[in-house]
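Working notes, beginning with the structure itself.
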There are 2 protein chains.
Amino acid sequence: MLDQPTDVAACASAPLAGGLDVDAATALAQTLKALADPARLRLLSLVAGSSTGEACVCDLTGPLGLSQPTVSHHCKVLVDAGFLTREKRGVWAYYAVIPGALHTLADVLGSAAVPADGRAASTARA
Amino acid sequence: MLDQPTDVAACASAPLAGGLDVDAATALAQTLKALADPARLRLLSLVAGSSTGEACVCDLTGPLGLSQPTVSHHCKVLVDAGFLTREKRGVWAYYAVIPGALHTLADVLGSAAVPADGRAASTARA
DNA sequence: CCGAGGCATCGACAGGCGTCAATCTCCCAG
DNA sequence: CTGGGAGATTGACGCCTGTCGATGCCTCGG
């Protein structure tokens, strides 16, 4: 299978123009970047696994082994990325996972995972 | 480094011990971090959308607008994360997406995203 | 009204990561 | 055997980010 001597221009001829455009890739990367952190993954898991489905910052600092400002920062990132909701009740701020947020992301990744043969991915709108 | 929880027992009684453990979270975060980059997302998309399902580095530098070392670096990251395969044929190195890699990741995220009603993913499924 | 406590914000620091220029290695063509 | 080209590696630089201590805000209890 090494018979493309004349077609050596394969490297330069294929336009390869498909795929996500720059801003779509940037947006998806930012969403993924919000999850690409052990502390935030564990934080999400703790909140999701809570008996009431929500947790305040002081509940998370212990299990996570992080300081209160750091936990607050991670919560803000996850809220900003659309994975958590923040509800201030009295002195405490309760965070809860947004149902379907992770599933939506999983669906985007799964739909992009069908290369099949006819360039299925392309612009897989979010 | 690892501090010992002094058991402040602040506001809630729930110990919140569930969730992913540290190493699982770290591993998943590392996989996600490999995808959390616009250049790598577009690279994957370009390779997956290629007519032959594979592409060499010199095919990617143009569409990505990145230098050859940078593209090679991103390819290495994706190969290391289990999203791409590398096959050296002659002078060129052809990269192809591993079928099911993205789907597996999507499945992990999706399964963790089903809190159903109470606690869901991870441990303690009663 | 005043003290206490939870949380967000600020400033600072260290580490990681993306990027490129320069260089090296390897393989093929002649 | 020699030249050329593709790709990987190295070193350096700058930006981004995770982390913490200190501090301010805001709400509740007394």
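In the text below, chain A, chain B and the rest are named by the order of the sequence lines, each starting its count at 1.
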Close side-chain approach of [X] to [Y], heavy-atom, < 4.5 Å:
X     : Y      : result
A:V57 : A:Y95  : yes
A:V79 : A:T85  : no
A:D59 : A:W92  : no
A:L35 : A:L44  : yes
B:L28 : B:L105 : yes

Of the nucleotides [options], which has the atom closest to the [X] side chain?
X     : options               : value
A:Y95 : C:dG6, D:dT19, C:dA8  : C:dA8
B:K33 : C:dC17, C:dA8, D:dG18 : C:dC17
A:V57 : C:dT19, D:dT19, C:dC7 : C:dC7
B:V91 : C:dG18, C:dC28, D:dG7 : C:dC28

[X] [atom1] to [N] [atom2], straight-line distance once rounded to whole Å:
X     : N      : atom1 : atom2 : answer
B:D37 : C:dG18 : CG    : P     : 5 Å
A:Y94 : D:dT27 : OH    : P     : 16 Å
A:L66 : D:dT17 : CG    : P     : 18 Å
B:L35 : C:dC17 : CG    : C1'   : 16 Å
B:L64 : C:dT19 : CG    : C1'   : 13 Å
A:L60 : D:dT19 : CG    : P     : 14 Å
B:L41 : C:dC17 : CG    : P     : 16 Å

Strictly below 4.0 Å: does B:R89 bring a side-chain N or O up to OP1 or OP2 of C:dC27? no

In residues 69-88 of chain A, which ones come under 4.0 Å of DNA chain D, going by heavy atoms? A:P69, A:T70, A:H73, A:H74

Mind checking side chain to side chain donor-acceptor pair (under 3.5 Å) for A:S67 and listing every partner two or more places apart, or none if nothing turns up? A:T70

Got a sec, which residues hit side chain to side chain donor-acceptor pair (under 3.5 Å) with A:E87, two or more places apart in sequence or on another chain? A:R89

With a 3.5 Å cut-off and just heavy-atom distances, do the side chain of B:Q68 and the base of D:dA8 make a donor-acceptor pair? yes

